[in-house]
**Q** 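Sending over a structure as structure tokens; questions will come in a sec.
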Amino acid sequence: MVKIVDAIRNSSEPFTSLEFFPPRTDEGLKNLKDRMLRMQNDLHPLFADFTWGAGGSTSELTLELTLNAKKMGLE
């Protein structure tokens, strides 16, 4: 796994990164997964990250989204 700091250091040109918030509904989750794919294809981000809800309230969903993003090819 690439460390983000190393990816930034090794980037020779400006880059894009993405930050996502875990949705609260099933419809929001589907929308987010579709949006992640579109943004990956359109923007070619160097990396993406997901917020962690206050007190870990979205921890399971955050981990699931992170694993799905990795499978899609997003760091």
Side-chain angles (χ1 to χ4, degrees):
M1 181 171 20
V2 176
K3 289 185 178 181
I4 291 178
V5 67
D6 293 334
I8 291 170
R9 283 184 186 142
N10 294 330
S11 179
S12 60
E13 44 189 70
F15 63 87
T16 300
S17 65
L18 304 173
E19 180 176 20
F20 298 105
F21 298 85
R24 295 183 180 171
T25 65
D26 289 340
E27 184 177 335
L29 182 59
K30 181 186 178 315
N31 182 28
L32 175 60
K33 288 179 180 179
D34 292 341
R35 184 176 308 265
M36 286 170 46
L37 185 58
R38 286 194 317 270
M39 292 179 85
Q40 177 189 16
N41 292 334
D42 293 346
L43 301 174
H44 308 287
L46 187 62
F47 65 91
D49 67 85
F50 296 86
T51 61
W52 193 273
S57 62
T58 62
S59 60
E60 287 183 30
L61 181 54
T62 298
L63 291 173
E64 177 187 327
L65 289 168
T66 302
L67 291 173
N68 286 337
K70 185 73 172 168
K71 289 177 186 175
M72 292 172 46
L74 283 169
E75 279 298 320

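Sequential numbering from 1 along the given sequence is applied to the chain's residues.
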**Q** Quick one: does Phe20's side chain get under 4.5 Å of Leu32's, heavy atoms only?
**A**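 Yes, side chains in contact.
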**Q** Any side-chain heavy atom of Asn10 within less than 4.5 Å of one from Val2?
**A**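 Contact flag for Asn10/Val2 side chains = no.
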**Q** So if you build clusters from Ile, Leu, Val, Met, Phe, Trp, Tyr with side-chain heavy-atom gaps below 4.5 Å, do Leu43 and Phe47 land together?
**A**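 As far as the 4.5 Å side-chain criterion goes, Phe47 and Leu43 are not connected within one cluster.
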**Q** Would you say Met39 ends up clustered with Phe15 if hydrophobic residues are merged whenever their side chains have heavy atoms under 4.5 Å apart, either directly or through other cluster members?
**A**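 They do not share one cluster, since no chain of ILVMFWY contacts under 4.5 Å joins Phe15 to Met39.
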**Q** What is the distance from atom CG of Asp26 to atom CG of Asn31, rounded to the nearest 0.5 Å?
**A**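 These two atoms lie 12.5 Å from each other.
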**Q** So do Pro22 and Leu65 actually touch side chain to side chain, heavy atoms under 4.5 Å?
**A**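 They are in contact (side-chain heavy atoms under 4.5 Å apart), so the answer is yes.
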**Q** Going from NZ on Lys33 to CG on Asn68, what distance comes out if it is rounded to the nearest 0.5 angstrom?
**A**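 Answer for the NZ-CG pair, Lys33 versus Asn68, is 5.0 Å.
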**Q** Between Ser17 and Pro45, which heavy-atom pair has the shortest distance, and what is it?
**A**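 Residues Ser17 and Pro45, closest heavy atoms: CA-CB, 4.3 Å.
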**Q** A side-chain contact here means heavy atoms from C-beta on lying under 4.5 Å apart; do Trp52 and Leu63 qualify?
**A**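 In short, these two side chains touch, coming nearer than 4.5 Å.
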**Q** Can you tell me if Arg38 has over 12 outside heavy atoms packed within less than 6.0 Å of its CZ?
**A**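 Result for CZ/Arg38: enclosed.
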**Q** Taking C-beta and beyond as the side chain, do Phe21 and Thr58 meet within less than 4.5 Å on heavy atoms?
**A**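 Result no, sub-4.5 Å side-chain heavy-atom pair not found.
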**Q** Would you say Pro23 and Leu61 make side-chain contact, with heavy atoms under 4.5 Å?
**A**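 Yes, their side chains come closer than 4.5 Å.
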**Q** Strictly distance-based, threshold 3.5 Å: is any side-chain N or O of Thr66 a donor or acceptor partner for the main-chain N or O of Thr62?
**A**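 Yes; at least one donor-acceptor contact below 3.5 Å.
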**Q** Would you say Glu64 has more than 12 foreign heavy atoms packed within less than 6.0 Å of its CD?
**A**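 Yes, because the 6.0 Å sphere around CD of Glu64 holds more than 12 heavy atoms from other groups.
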**Q** Tell me whether Lys70 at atom NZ has more than 12 heavy atoms from other residues, nucleotides or ligands lying less than 6.0 Å away.
**A**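 Yes, NZ of Lys70 has more than 12 neighbouring heavy atoms, counting only those of other groups under 6.0 Å.
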**Q** Kindly check if the number of other-residue, nucleotide or ligand heavy atoms within 6.0 Å of CD (Glu19) is above 12?
**A**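 For Glu19, atom CD is crowded (more than 12 foreign heavy atoms under 6.0 Å).
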**Q** With side chains defined as the heavy atoms from C-beta onward, is the minimum distance between Ile4 and Leu46 less than 4.5 Å?
**A**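 No; the side chains remain at least 4.5 Å from each other.
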**Q** Taking Leu74 as the starting point, is it possible to reach Ile8 by hopping between hydrophobic residues whose side chains are less than 4.5 Å apart?
**A**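 In one cluster with Ile8: Leu74, no.
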